[in-house]
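In each ligand, atom 1 is the first atom listed, and ligand 1 is the first ligand listed. Everything quoted here is computed from the prediction, not taken from an experiment.
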Amino acid sequence: MTFKELNLIPSIIDALEDENYIEPTAIQAKAIPEVLKGHDVLASAQTGTGKTAAFAIPILQHLTETSHRNSKGKRKVTTLVVTPTRELAIQISDSFTTYGRYTNIKNTVIYGGVNQTPQKEALRRGVDVLVATPGRLLDLMGQGYISLNDIRYFVLDEADRMLDMGFIPDVKRIIAKLPQKRQSLFFSAT
Ligand code: AMP
C-alpha cells in the first residue's frame, strides 16, 4: 500500500515524501479512506502508531478541495481538534503544518498556562484548523474569540486520557456547541 493508492492529492503526497514516509501505517491505511468518504471514525490507536497523520491528512485534503471563507475573506474555523495536554496539542499543530506545507490551510494551537494575547491574535487573523486543550478553548469561546458554528470536522484525541483527567464535563460543553452536521473522529489508546 502506498499513499498514492489512498488517492491523496499531490500537494500532500509531496509533503509526505519530504518526511520520508514510504507507506501508510496500519491506522492510516484504515482511517484515511473512511475519513475521505465522509464517515465518522472511532479508532483505538496508541501514540506512536501514526494516528495524528491518520486524521490530519484526510482533513487537510478535504479543506484544500473546499475553501471556507466569510464575506470579508477571513478563514472560518472548520476543524476543531481537542486533546488533553499542551504537549499533544503542539505536536498535532506541528503535524498539520508539516503535512499541509504545500496546501493553503492554516492552523493554530491554543492551550492554558500561557498568555492569551498571541492566541487571540492568531484567531483574529483567521485559521482553518484549531487545535486546543479543553479549558482554554472554553475560556476563549466564552470571551467571544471562537465560534464553533462552522465546524465540519471534530477530532477528539486521546479520549481515554480526557476521561482520566476529568475533562468529560468540558468536552460535553464543547460538543453541545458544535453543529449537528459534522464529521466526528474519536481516537483512544484503549
Ligand atoms: P503519532 O502516532 O501520530 O504520534 O506519530 C508517531 C510518529 O510516527 C511521528 O513521529 C510521525 O512523524 C511518524 N509517522 C507517522 N506516519 C508515518 C508513516 N506513514 N511513515 C513513517 N513515519 C510516520
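- Of the listed options Y99, Y21, F187, F55, Y21 places a heavy atom closest to atom 21 (C) of ligand 1.
- Remark: E158 engages K51 in a salt bridge, criterion side-chain N to carboxylate O under 4.0 Å.
- Among I92, L185, V109, the single residue meeting the side chain to side chain contact (heavy atoms under 4.5 Å, CB included) criterion with V81 is I92.
- Remark: ligand 1 and F3 share no N or O pair separated by less than 3.5 Å (distance only, no angle test).
- Under the 4.0 Å distance rule, the nearest protein heavy atom to atom 19 (N) of ligand 1 falls inside the cut-off.
- Comment: K106 does not engage D128 in a salt bridge, judged by the lack of any side-chain N to carboxylate O separation of less than 4.0 angstrom.
- One finds a salt bridge joining E34 and K37 here, because a Lys/Arg side-chain nitrogen approaches an Asp/Glu carboxylate oxygen to under 4.0 Å.
- Between the side chain of T78 and the backbone N or O of I151, no donor-acceptor pair lies under 3.5 Å.
- Using cut-offs of 30° and 60° on the angle between ring planes, the pair F96 and F55 is tilted.
- Atom 7 (C) of ligand 1 is not flagged as protein-proximal [any protein heavy atom, distance under 4.0 Å].
- Closest to atom 4 (O) of ligand 1 among all protein heavy atoms lies G48 N, 3.6 Å.
- Note on M141: it does not cluster hydrophobically with Y153, by side-chain heavy-atom contacts below 4.5 Å among ILVMFWY residues.
- Remark: ligand 1 atoms within the under-4.0 Å shell around heavy atoms of E23 are 18 (C), 19 (N), 20 (N).
- With respect to atom 16 (N) of ligand 1, the closest heavy atom belonging to the protein is Q28 NE2, 2.8 Å.
- Annotation: Q91 places no N or O atom under 3.5 Å from an N or O atom of ligand 1; distance criterion only.
- Where the criterion is an N or O separation shorter than 3.5 Å, residue side chain and backbone included, T47 fails it with respect to ligand 1.
- Between A53 and ligand 1, not a single N/O pair is under 3.5 Å apart.
- Distances below 4.0 Å separate heavy atoms of T52 from the following atoms of ligand 1: 1 (P), 3 (O), 4 (O).
- Q116 and Q143 are linked by a side-chain donor-acceptor pair at a separation below 3.5 angstrom, with hydrogens and angles left out of the test.
- Under the 4.0 angstrom criterion, atom 10 (O) of ligand 1 counts as lacking any protein heavy-atom contact.
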